[in-house]
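Contents: one structure, followed by commentary.
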Amino acid sequence: MSEMDSQEEARLRLLDTVDASPCEGLDRITRTAARLFSAPLAVLSLSLRDEQWLVSSTDSSLTGQKVPNRNAPCVAITRTGQPLVIPNLSDHPQFSECMLRDMGVRFYAGAPVTTSDGLVLGSLSVLDMNERPAGSMEALADLASLAVAQIELRRGMGRVDPFSGLPNRGQLLEDISNVRATIAVELINTRQVGELVSVLGSAYLDDFVRTTSRLLRDLTESTDCRLYHIGAVTFAILMETGGTDAARDLVVQIAPALQEPVLCKGVEIPTSPAFGISPAGYPHRTGHDALRAAINSAQQARETAAPYVIYTKDGDVASNRRFRYLVDIQEALHRQDQLSLVYQPRIDLKHPDIASAEALLRWKHPEFGDIAPGEFIPLVEQTAMFPEVTRWVMRTAIRQMAEWRPQDLKARISINVSAIDLESPNFALCLSRYLEEQNVSPSDIELEFTESAVIGNFARVIGQLKDVRSLGVQLAIDDFGTGYSTFSYLQRLPADVMKIDRSFMRRLEDNLRDRKLVISMIGMAHDLGYRVVAEGVETRGAYDLLAEAGCDEIQGYIVSRPLTVDRFTQWMRDAQQKHREIARYKDLVGLPVLRSY
Ligand code: C2E
Ligand code: MG
Ligand code: MG
């Protein structure tokens, strides 16, 4: 790009950010210009790519209009950066064709509106219908510089965040083009911001932002960089000299201080900063691309618990892929061949004749193949389309249950639901309609929710859970032991079943502490009236320990991996057959629990 082109680009970018709403300050300047020349019309115009933007005029009907450039004298002023006086447009060889002349204008005087960086934005012009000699061009130039000061002041006002006092995203996008590297800093998981506000109130968030921006300012002060506040809890640092290495050094240097909890109005708010770095020189087409690369890298750092992530093309491919999930899931919901349910059997140690299973979602993407639920559900769960996914799961599972009925097969199926489902007002109604349509008993359905699903909007979610339970549907707390639960909290949850998270099962056999913990969890759950399911049980040793500790049900690879619908149907048939035999021979040894598939 030639220097002239890049100047023009910078000029147009700057014009893109100008506040063009009516402004008394600018109108006063145009009025003064008209008075100075005793002329009937003065106009302040900004030169866009193909048109003139009349941001202020003594004729209010012109203010805000955009008119085509068509050989206008203001275009010449923008190009040369020099004032221009034309006593009579009709006589002028260059402008004899211009639109102003056709409108009857004869006299034209204009001064360039030039920023402190030397970019010419447009001109301040005075026009008259009569030919006349040149007036005081110096005074007109002074007024033009007053106009530019006013424009810059207005831009500045919209470019600083009022809470942090730092330049904002708009300012960053303007400054980003020539930097060596961009760092994005997300102080806490943005998904938790809503939670923080709902638990503590927005005043704490404001205080958090004020305190952390002061801290960041102190931490970056001695480095050749600029700090911006670009989102509720997200900041960006533009490295003006050193590149990626300097950015990484800076991250390593500032990270420890940002990992300390922040004291806001007497409450300690824990932080979990994530850092992403986007180097200059990547084929970022725009400032938006460079910033997005840094923010995506920070999110990747959060997901992978990395101290920081430096943007690479591969990382970008991964983040584009995540974006595709969000778009493509909508199509998947309306196709027959992409989504399916698998069923993972659960064994009831005390009532082995009761068959039950957890329905788990599977997605075969037309391009990416099988995608694990852990990869797409946490993403889609954050969006408003997730309830549709859950409705698909509920409808499919309930239809399947109806299909088993004529085959004399019956299982209680448990379905996973997320916070966003329980927050949507017609969730319970929807479920009861599906059950009615297929004539499936609510007591054959169980819903699994995690403790974190309840935290965000406690009252509404609990209300919804109570509605579901009053239908006769069972409720299970999933992944127990991984959330924030306290005893008193647990007591307030309407649930029938507690599923102990599989992370506790791994060391059950060799770690005495974990074993004691699981035993006491089982005891506590029983005291609160819950049935207990152990998830992710993989070994015979763990299975025996859990049975001995009084655990009610077991789910895990030791029993069976999740099965396709056909294989699960066969599994139920086999189990039923075995029970019939057991009932016949009254032989309770060797219950059909340890099948491997
Ligand atoms: P979850 O609800 O805790 O489901 C249990 C997960 O543990 C399943 O993973 C299952 O395959 C796995 N698992 C079961 N037994 C064992 C074992 O012995 N060892 C090991 N290592 N893993 C075992 P999956 O199917 O990958 O699902 C992961 C998570 O995705 C689920 O965890 C659940 O949170 C979510 N999910 C799956 N389907 C749905 C759905 O339809 N709706 C919602 N909201 N979430 C779903
Ligand atoms: Mg589950
Ligand atoms: Mg679970």
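First listed ligand is number 1; within each ligand, the first listed atom is number 1.
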### Task
Ignoring hydrogens, tell whether any protein atom lies closer than 4.0 Å to atom 17 (C) of ligand 1; use the non-hydrogen atoms only.
yes
### Query
Are any of the protein's heavy atoms under 4.0 angstrom from atom 34 (O) of ligand 1, yes or no?
no
### Task
List for me each residue that meets side chain to side chain donor-acceptor pair (under 3.5 Å) alongside Ser424, sequence neighbours excluded, and say none if there are none.
none
### Query
Any donor and acceptor pair, going by atom type alone, linking the side chain of Arg502 with main-chain N or O of Glu538 inside 3.5 Å?
no
### Donor-acceptor contact below 3.5 Å, side chain Ser278 vs main chain Tyr311
no
### Message
Students should be able to answer this: which protein heavy-atom is nearest to atom 27 (O) of ligand 1, and at what distance?
### Response
Pro373 CG, 3.4 Å
### Task
Go around the Mg ion (ligand 2) and count every protein N, O or S atom nearer than 2.8 Å.
4
## Note on the structure
of all protein heavy atoms, closest to atom 38 (N) of ligand 1 is Leu361 N, 3.1 Å
### Query
What atoms of ligand 1 come closer than 4.0 angstrom to any heavy atom of Pro562?
11 (O)
### Task
Establish, from distance only, whether the side-chain atoms of Arg405 and Gln438 form a donor-acceptor pair under 3.5 Å.
no
### Query
side chain to side chain donor-acceptor pair (under 3.5 Å) with Asp552: which residues, sequence neighbours excluded?
Lys350, His526
### Message
Any donor-acceptor pair under 3.5 Å linking the side-chain atoms of Ser503 with those of Asp501?
### Response
yes
### Message
For atom 22 (N) of ligand 1, what is the closest protein heavy atom, and at what distance to 0.1 Å?
### Response
Tyr557 OH, 3.3 Å
### Query
Just which atoms of ligand 1 are under 4.0 Å from any heavy atom in Ser418?
44 (N)
### Closest protein heavy atom to atom 7 (O) of ligand 1, given as residue, atom name and distance to 0.1 Å
Arg502 NH1, 2.5 Å
### Query
Against heavy atoms of Gly536, which atoms of ligand 1 measure under 4.0 Å?
15 (N), 16 (C), 17 (C), 18 (O)
### Summary
Within 4.0 Å of some non-hydrogen atom of Gln344, the atoms of ligand 1 are 10 (C), 14 (C), 15 (N)
### Message
Using a 4.0 Å cut-off to any heavy atom of Val537, which atoms of ligand 1 qualify?
### Response
18 (O)
### Query
Thinking salt bridges, do Glu437 and Arg433 make one under a 4.0 Å N-O criterion?
yes
### Summary
One finds that the ligand 1 atoms under 4.0 Å from a non-hydrogen atom of Gly556 are 15 (N), 18 (O)
### Query
Taking non-hydrogen atoms only, is Phe386 closer than 4.0 angstrom to ligand 1 via side chain, backbone, both or neither?
side chain
#### Entry: Within-shell test, Glu358 vs ligand 1, heavy atom, strictly < 4.0 Å
yes
#### Entry: Parallel, tilted or perpendicular, as decided by the 30° and 60° cut-offs, for the rings of Phe376 and Trp363
perpendicular
#### Entry: Sequence neighbours excluded, every pair satisfying salt bridge (Lys or Arg N to Asp or Glu O under 4.0 Å) that has a member inside residues 412-424
none
### Query
What part of Lys499 sits under 4.0 Å from ligand 1 if we count only heavy atoms: the side chain, the backbone, both or neither?
neither
### Task
Indicate whether any N or O donor in one side chain lies under 3.5 Å from an N or O acceptor in the other, for Gln570 and Asp574.
yes
### Query
Between the main-chain N or O of Pro366 and the side-chain N or O of Gln338, is there a donor-acceptor pair closer than 3.5 Å?
no
### Query
Has ligand 1 got any nitrogen or oxygen that is less than 3.5 angstrom from a nitrogen or oxygen of Gly374?
no
## Note on the structure
the protein heavy atom lying closest to atom 42 (N) of ligand 1 turns out to be Asn416 O, 3.4 Å
### Any donor-acceptor pair under 3.5 Å from Glu553 side chain to Ser356 backbone
no
### Task
Return a yes/no value for Glu538: is any of its N or O atoms, backbone included, closer than 3.5 angstrom to an N or O of ligand 1?
yes
### Message
For a quick test of reading the model, state the closest non-hydrogen atom pair linking Cys551 to Ile522 and the distance between them.
### Response
CB-CD1, 3.9 Å
### Query
Taking all atoms of both residues into account, what is the closest heavy-atom pair of Leu493 and Tyr530, and its distance?
O-OH, 3.4 Å
### Query
For atom 39 (C) of ligand 1, which protein heavy atom lies nearest, and how many Å away is it?
Ile377 CD1, 3.5 Å
### Message
Please check: side-chain N/O of His288 versus main-chain N/O of Ala290, any donor-acceptor pairing under 3.5 Å?
### Response
no
## Note on the structure
re atom 31 (C) of ligand 1, the protein heavy-atom contact at minimum distance is Leu360 CD2, 4.3 Å
### Atoms in ligand 1 with a heavy atom of Arg362 nearer than 4.0 Å
25 (O)
### Message
Within ligand 1, which atoms have a heavy atom of Val393 less than 4.0 Å away?
### Response
41 (O)
### Task
Would you name the heavy atoms of Val252 and Pro256 that are closest together and state the gap between them?
O-CD, 3.3 Å
### Task
Looking only at distances, please establish whether an N/O atom of ligand 1 is found under 3.5 Å from an N/O atom of Asp479.
yes
### Message
A side-chain contact here means heavy atoms from C-beta on lying under 4.5 Å apart; do Arg362 and Leu360 qualify?
### Response
yes
### Message
Strictly distance-based, threshold 3.5 Å: is any side-chain N or O of His351 a donor or acceptor partner for the main-chain N or O of Asp353?
### Response
no
### Task
Identify which of Thr539, Val389, Asp478 has a heavy atom lying nearest to atom 1 (P) of ligand 1.
Asp478
